[in-house]
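Okay, structure first, notes after.
So that the names make sense, note that chain A is the first sequence line, chain B the second, and so on, each numbered from 1. Worth knowing before you read on, the calculation uses all heavy atoms, side chains too, and leaves out hydrogens, waters and symmetry mates. Note that the coordinates shown come from a computational prediction; the quantities given were computed from them, not determined experimentally.
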There are 2 protein chains.
Amino acid sequence: MKDIKHFLRQNSLRPTKQRVIIANYLFDGVNKHVTAETLSNKLLKMKAGISLATIYNTLHDFYEKGLLKKLMINSERIYFDTNTAHHHHFYSKKDQKLIDINVDMKVSGLPKPPKNKKINKIEVLVHLDN
Amino acid sequence: MKDIKHFLRQNSLRPTKQRVIIANYLFDGVNKHVTAETLSNKLLKMKAGISLATIYNTLHDFYEKGLLKKLMINSERIYFDTNTAHHHHFYSKKDQKLIDINVDMKVSGLPKPPKNKKINKIEVLVHLDN
DNA sequence: ATATCAGTTTAGAATCATTCTAATGTATTG
DNA sequence: CAATACATTAGAATGATTCTAAACTGATAT
Ligand SMILES: [Mn+2]
Ligand SMILES: [Mn+2]
Ligand SMILES: [Zn+2]
Ligand SMILES: [Zn+2]
């Protein structure tokens, strides 16, 4: 994708060297679940020496532009998901790995939310044993 | 409950002063969702000066005996749930509050888990807007 | 009861992910 | 090429949690 710069500009983000490298990796067409740490490791392997501060800033900036979703699965790190469509996950604690569930799932028997509250979204997390 | 000491002993926990106070509060019959911080604040109001280290230890010990569940909702703190039955939650980010959903809910359309993996449990989290 | 010992509590230090600070660098626009 | 706004960075700060190691206490045996 050589139009990553367009893509960033369209999202009101300056296409800096670091953002281009990170966006090229994240938005290569394969959905990913990354943490600051896993992204940093990947970038190190690609010989891209991008500071952790920038990695955090960039993940945050992409999140704020709606290019990433945040997943709160695990209290010790934040996962960012390049799949921004509404979907669910398998989670293997053992492997520390998430797998998308893109199939339509339905939740039935949901009670009414408390007074004055509206349902924003329903998240299903399927914990795997093994 | 004056048999909190029995209760603790039955769960291989010495009924120390601190554990009795904490267990009396947590297991008073009303299901609760606490963090180390909210529990500490509650204990302060009850004039029970229990160190944060002990609060963390005790929550952890109760968790390990199966008296509490851990909920990973929010990356900045761990919630402990006195309702150890399988159930789901409403979550208001704004209020930082959890509400139990004890009704039977059914999730349909779930795909098969990946090879060699078994489903442990399904957790539904209903995010509230407001 | 008292002694003994394993288990518990505690203050404070350490850890670790994340955020902040403030100095330096760079993309954009004219 | 300025000028300026925005971005990157190293390192400090933060805050929840865990660890350490010394003092304390509940359980058990004399
Ligand atoms: Mn930011
Ligand atoms: Mn412990
Ligand atoms: Zn996903
Ligand atoms: Zn609950």
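- Using a 4.0 Å heavy-atom distance criterion, A/E37 is classed as making no nucleic acid contact.
- Spacing between atom CZ of B/R19 and atom C1' of C/dT10 amounts to 14 Å, rounded to whole angstrom units.
- When distances run from any side-chain atom of A/L52 to the nucleotides D/dT9, D/dT17, C/dT18, the shortest one goes to C/dT18.
- The aromatic rings of B/H60 and B/Y63 sit tilted relative to each other, their planes meeting at an angle between 30° and 60°.
- Toward the 5′ end of DNA chain D lies the nearest nucleotide of B/A36, the other residue of the pair B/L13 and B/A36 mapping further downstream.
- The existence of a salt bridge linking B/K32 and B/D100 is excluded, since no basic side-chain nitrogen approaches an acidic carboxylate oxygen closer than 4.0 Å.
- Residue A/T35 has no polar side-chain atom (N or O) positioned under 4.0 Å from OP1 or OP2 of C/dA17.
- The 5' end of DNA chain D is approached more closely, in terms of each residue's nearest nucleotide, by B/I78 than by the other of B/I78 and B/T16.
- Annotation: the span from B/L39 atom CG to B/I55 atom CD1 amounts to 5.0 Å, rounded to 0.5 Å.
- When the side-chain nitrogen and oxygen atoms of B/Y56 are compared with OP1 and OP2 of D/dT17, one or more of them lie within a distance under 4.0 Å.
- Counting to the nearest Å, the C1' atom of C/dA6 and the CG atom of B/D61 are 15 Å from each other.
- If you check C/dT8, C/dT19, C/dT28 against the side chain of A/P15, the one that comes closest is C/dT28.
- Between the NZ atom of A/K17 and the C1' atom of C/dG25 there is a distance of 10 Å, given to the nearest Å.
- Between the CD1 atom of A/I50 and the P atom of C/dT26 there is a distance of 14 Å, rounded to whole Å.
- When rounded to the nearest whole Å, the span between CG of A/N74 and P of D/dT17 equals 13 Å.
- Using a 4.0 Å heavy-atom distance criterion, A/R77 is classed as a sugar-phosphate-only contact.
- For the pair A/P15/A/R9, a side-chain contact is recorded, criterion being any heavy-atom separation below 4.5 Å from C-beta on.
- The nearest whole Å value for the distance from the CG atom in B/L59 to the P atom in D/dT18 is 10 Å.
- Taking only side-chain nitrogens and oxygens, B/Q18 never comes nearer than 4.0 Å to OP1 or OP2 of D/dC24.
- Closest approach to the B/A53 side chain among D/dT8, C/dA11, C/dT8 is made by C/dA11 (side chain taken as heavy atoms from C-beta onward).
- As a whole-Å value, the separation of A/N11 CG from C/dA27 P is 19 Å.
- Comparing atom distances between the A/R14 side chain and each of C/dT9, D/dA5, D/dT9 picks out D/dA5 as nearest.
- Distances from the side chain of A/H60 to the nucleotides D/dA27, D/dA7, C/dT19 place C/dT19 closest.
- Note: B/N31 CG to B/D81 CG = 6.5 Å, rounded to the nearest 0.5 Å.
- At a cut-off of 3.5 Å, with distance as the only test, no side-chain donor of A/E123 or A/H88 sits close to an acceptor on the other residue.
- In this structure, CZ of A/F80 is placed 12 Å from C1' of C/dA17, rounded to the nearest angstrom.
- Proximity of B/R9 to the phosphate of D/dG26: no side-chain N or O atom is located under 4.0 Å from OP1 or OP2.
- Base contact: A/T54 has a heavy atom under 4.0 Å from a base atom.
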